[in-house]
Amino acid sequence: MIIEEIKNIKSGKRELRQFGITIGLVLGLLGSWFLWRNKEGGSLLLIAATLFLSLGFILPRLLKPFQKLWMTLAVLLGWLMTRIILTILFYLVVTPIGLLAKVSGKDFLNRKFNSDASSYWIPRKAITPEKRNYENQF
(Lines give C-alpha, C1' and ligand atoms only; values in the text may rest on other atoms or scores of the structure.)
Protein backbone atom coordinates (compact mmCIF):
# COMPACT_ATOMS: atom_id res chain seq x y z
CA MET A 1 0.00 0.00 0.00
CA ILE A 2 2.72 2.48 0.96
CA ILE A 3 4.96 1.21 -1.82
CA GLU A 4 2.19 1.80 -4.36
CA GLU A 5 1.64 5.27 -3.01
CA ILE A 6 5.35 6.03 -3.29
CA LYS A 7 5.41 4.65 -6.85
CA ASN A 8 2.45 6.88 -7.78
CA ILE A 9 4.18 10.12 -6.78
CA LYS A 10 3.76 12.51 -9.68
CA SER A 11 7.04 13.90 -11.00
CA GLY A 12 5.98 15.78 -14.10
CA LYS A 13 7.44 19.10 -15.16
CA ARG A 14 4.65 21.01 -13.42
CA GLU A 15 5.06 19.17 -10.09
CA LEU A 16 8.84 19.60 -10.18
CA ARG A 17 8.48 23.31 -10.90
CA GLN A 18 6.02 23.70 -8.00
CA PHE A 19 8.39 21.77 -5.73
CA GLY A 20 11.37 23.95 -6.64
CA ILE A 21 9.45 27.19 -6.18
CA THR A 22 7.88 26.10 -2.89
CA ILE A 23 11.12 24.86 -1.35
CA GLY A 24 12.94 27.94 -2.67
CA LEU A 25 10.41 30.31 -1.12
CA VAL A 26 10.43 28.52 2.22
CA LEU A 27 14.23 28.46 2.34
CA GLY A 28 14.31 32.11 1.32
CA LEU A 29 11.92 33.08 4.10
CA LEU A 30 13.92 31.08 6.63
CA GLY A 31 17.21 32.54 5.41
CA SER A 32 15.81 36.09 5.58
CA TRP A 33 14.51 35.49 9.08
CA PHE A 34 17.90 34.07 10.15
CA LEU A 35 19.72 37.10 8.74
CA TRP A 36 17.23 39.49 10.34
CA ARG A 37 17.76 37.78 13.73
CA ASN A 38 21.56 37.69 13.23
CA LYS A 39 21.63 33.88 13.38
CA GLU A 40 24.17 31.67 11.64
CA GLY A 41 23.30 29.91 8.42
CA GLY A 42 21.07 32.58 6.92
CA SER A 43 23.31 33.15 3.91
CA LEU A 44 23.53 29.39 3.24
CA LEU A 45 19.75 29.15 3.29
CA LEU A 46 19.48 32.05 0.86
CA ILE A 47 21.98 30.38 -1.49
CA ALA A 48 19.97 27.13 -1.34
CA ALA A 49 16.77 29.11 -1.93
CA THR A 50 18.27 30.77 -4.99
CA LEU A 51 19.42 27.38 -6.28
CA PHE A 52 16.00 25.77 -5.83
CA LEU A 53 14.17 28.73 -7.37
CA SER A 54 16.56 28.84 -10.33
CA LEU A 55 16.24 25.12 -10.96
CA GLY A 56 12.49 25.30 -10.49
CA PHE A 57 12.15 27.94 -13.17
CA ILE A 58 14.93 26.91 -15.58
CA LEU A 59 15.64 23.17 -15.24
CA PRO A 60 12.97 21.52 -13.09
CA ARG A 61 14.00 18.01 -14.18
CA LEU A 62 17.18 18.28 -12.12
CA LEU A 63 14.99 18.47 -9.01
CA LYS A 64 13.43 15.03 -9.59
CA PRO A 65 15.62 13.06 -7.13
CA PHE A 66 15.10 15.68 -4.42
CA GLN A 67 11.35 15.78 -5.05
CA LYS A 68 11.06 11.96 -5.01
CA LEU A 69 13.01 11.78 -1.75
CA TRP A 70 10.99 14.60 -0.17
CA MET A 71 7.63 13.16 -1.21
CA THR A 72 8.64 9.65 -0.10
CA LEU A 73 9.52 11.09 3.28
CA ALA A 74 6.14 12.87 3.34
CA VAL A 75 4.26 9.63 2.55
CA LEU A 76 6.14 7.71 5.26
CA LEU A 77 5.65 10.49 7.78
CA GLY A 78 1.94 10.67 6.94
CA TRP A 79 1.58 6.92 7.41
CA LEU A 80 3.35 7.05 10.78
CA MET A 81 1.53 10.12 12.08
CA THR A 82 -1.86 8.67 11.14
CA ARG A 83 -1.18 5.62 13.28
CA ILE A 84 0.11 7.70 16.17
CA ILE A 85 -2.86 10.09 16.11
CA LEU A 86 -5.41 7.26 15.85
CA THR A 87 -3.72 5.35 18.69
CA ILE A 88 -3.75 8.41 20.94
CA LEU A 89 -7.37 9.13 20.02
CA PHE A 90 -8.38 5.54 20.77
CA TYR A 91 -6.67 5.37 24.15
CA LEU A 92 -7.60 8.90 25.30
CA VAL A 93 -11.19 9.07 24.01
CA VAL A 94 -12.71 5.72 23.05
CA THR A 95 -11.22 3.59 25.85
CA PRO A 96 -12.31 5.89 28.72
CA ILE A 97 -15.84 6.08 27.27
CA GLY A 98 -15.95 2.29 27.05
CA LEU A 99 -14.67 1.89 30.60
CA LEU A 100 -17.17 4.41 31.97
CA ALA A 101 -19.99 2.67 30.11
CA LYS A 102 -18.87 -0.70 31.49
CA VAL A 103 -18.66 0.61 35.07
CA SER A 104 -22.06 2.33 34.84
CA GLY A 105 -23.67 -0.74 33.23
CA LYS A 106 -24.64 1.03 30.01
CA ASP A 107 -25.30 -1.26 27.04
CA PHE A 108 -25.25 0.85 23.87
CA LEU A 109 -26.16 -2.06 21.58
CA ASN A 110 -28.93 -3.57 23.76
CA ARG A 111 -27.21 -6.96 23.85
CA LYS A 112 -28.78 -8.10 27.12
CA PHE A 113 -30.86 -11.25 26.87
CA ASN A 114 -34.50 -10.84 27.87
CA SER A 115 -36.19 -14.20 28.48
CA ASP A 116 -39.63 -12.56 28.69
CA ALA A 117 -39.45 -11.04 25.19
CA SER A 118 -41.24 -12.99 22.46
CA SER A 119 -39.05 -11.37 19.79
CA TYR A 120 -36.26 -8.86 19.46
CA TRP A 121 -37.78 -7.46 16.27
CA ILE A 122 -38.35 -3.70 16.43
CA PRO A 123 -41.52 -2.91 14.50
CA ARG A 124 -41.35 -0.09 11.99
CA LYS A 125 -44.18 2.38 11.75
CA ALA A 126 -46.11 2.07 8.53
CA ILE A 127 -45.66 4.84 6.02
CA THR A 128 -47.46 5.47 2.78
CA PRO A 129 -45.16 5.09 -0.21
CA GLU A 130 -44.37 8.40 -1.84
CA LYS A 131 -42.23 9.20 -4.85
CA ARG A 132 -39.98 11.60 -2.90
CA ASN A 133 -38.98 8.81 -0.46
CA TYR A 134 -37.40 6.90 -3.32
CA GLU A 135 -35.68 9.86 -5.00
CA ASN A 136 -33.61 11.12 -2.02
CA GLN A 137 -32.91 7.98 -0.04
CA PHE A 138 -30.27 9.54 2.14
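Hydrogens, waters and symmetry mates play no part in the numbers below; they use all other heavy atoms, side chains included. Since we're looking at a predicted model, the values are computed, not measured.
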My understanding is that a hydrophobic cluster links ILVMFWY residues whose side chain heavy atoms are under 4.5 Å apart, including indirect links. Using that, what else belongs to the cluster containing Leu46? Leu35

Connected via hydrophobic side-chain network under 4.5 Å: Leu16 and Phe52: no

Nearest 0.5 Å please: distance from the CG atom of Leu30 over to the CG atom of Leu25. 11.0 Å

Could you state the interatomic distance from CG (Asn114) to OG (Ser119), rounded to the nearest 0.5 Å? 11.0 Å

Step-by-step side chain to side chain contact (heavy atoms under 4.5 Å, CB included) determination, Ile9 to Glu15: CA-CA 10 Å; Ile9 294 172; Glu15 288 83 15; over 6 Å; no

Quick one: CZ on Arg17 to CZ on Arg61, what's the gap to the nearest 0.5 Å? 9.5 Å

How long is the span from the NZ atom in Lys7 to the OG1 atom in Thr72, to the nearest 0.5 Å? 12.0 Å

What's the shortest heavy-atom distance between Ser11 and Gln67, and which atoms? OG-OE1, 2.8 Å

ILVMFWY cluster, Phe90 and Leu80 together (side-chain gap under 4.5 Å): no

Establish whether Phe19 and Leu77 are linked, either directly or via other cluster members, by ILVMFWY side-chain heavy-atom contacts under 4.5 Å. yes

Considering the options Val93, Val94, Leu99, Thr95, which one meets the side-chain contact (heavy atoms from CB on, under 4.5 Å) requirement together with Ile97? Val93

Return yes when atom NZ of Lys68 has more than 12 non-hydrogen atoms of other residues, nucleotides or ligands closer than 6.0 Å, and no otherwise. yes

For Ile127, the rest of its hydrophobic cluster, which grows through side-chain links under 4.5 angstrom: none

Answer whether the closest heavy-atom distance between the side chains of Trp33 and Leu29 falls below 4.5 Å. no

Is the shortest heavy-atom distance from the side chain of Leu73 to the side chain of Leu69 under 4.5 Å? no

Report the residues that fulfil side-chain hydrogen bond (donor to acceptor under 3.5 Å, both in side chains) with Glu4, sequence neighbours left out, ordered by chain and then residue number. none

Those residues at least two apart in sequence (or on a different chain) that pass side-chain contact (heavy atoms from CB on, under 4.5 Å) with Leu55 are Leu51, Leu59, Leu62, Leu63

Contacts satisfying salt bridge (charged side-chain N to carboxylate O under 4.0 Å, His left out) that involve residues 79-107 (not counting sequence neighbours) are Asp107-Arg111

Could you pull out the closest heavy-atom pair between Lys112 and Gly105, with the gap in Å? NZ-O, 3.6 Å

Does a sphere of radius 6.0 Å around CG in Leu92 hold more than 12 heavy atoms from other residues, nucleotides or ligands, not counting ones at 6.0 Å or beyond? yes

Can Trp36 be reached from Leu44 by stepping across I, L, V, M, F, W or Y side chains whose heavy atoms are under 4.5 Å apart? no

With hydrophobic residues grouped by side-chain heavy-atom distances under 4.5 Å, do Leu100 and Tyr91 end up in a single group? no

With clusters built from Ile, Leu, Val, Met, Phe, Trp and Tyr whose side-chain heavy atoms come within less than 4.5 Å, directly or transitively, what are the remaining members of the cluster of Tyr120, listed by chain and number? Phe113

With heavy-atom distances below 4.5 Å as the criterion, would you say the side chains of Met71 and Val75 are in contact? no

In Å and rounded to the nearest 0.5 Å, what is the CG to CD distance from Leu76 to Glu5? 9.0 Å

Is atom CD of Glu40 surrounded by more than 12 heavy atoms (other residues, nucleotides or ligands) closer than 6.0 Å? no

Indicate the atoms forming the closest heavy-atom contact of Gly28 with Ala49, along with that distance. N-CB, 3.3 Å

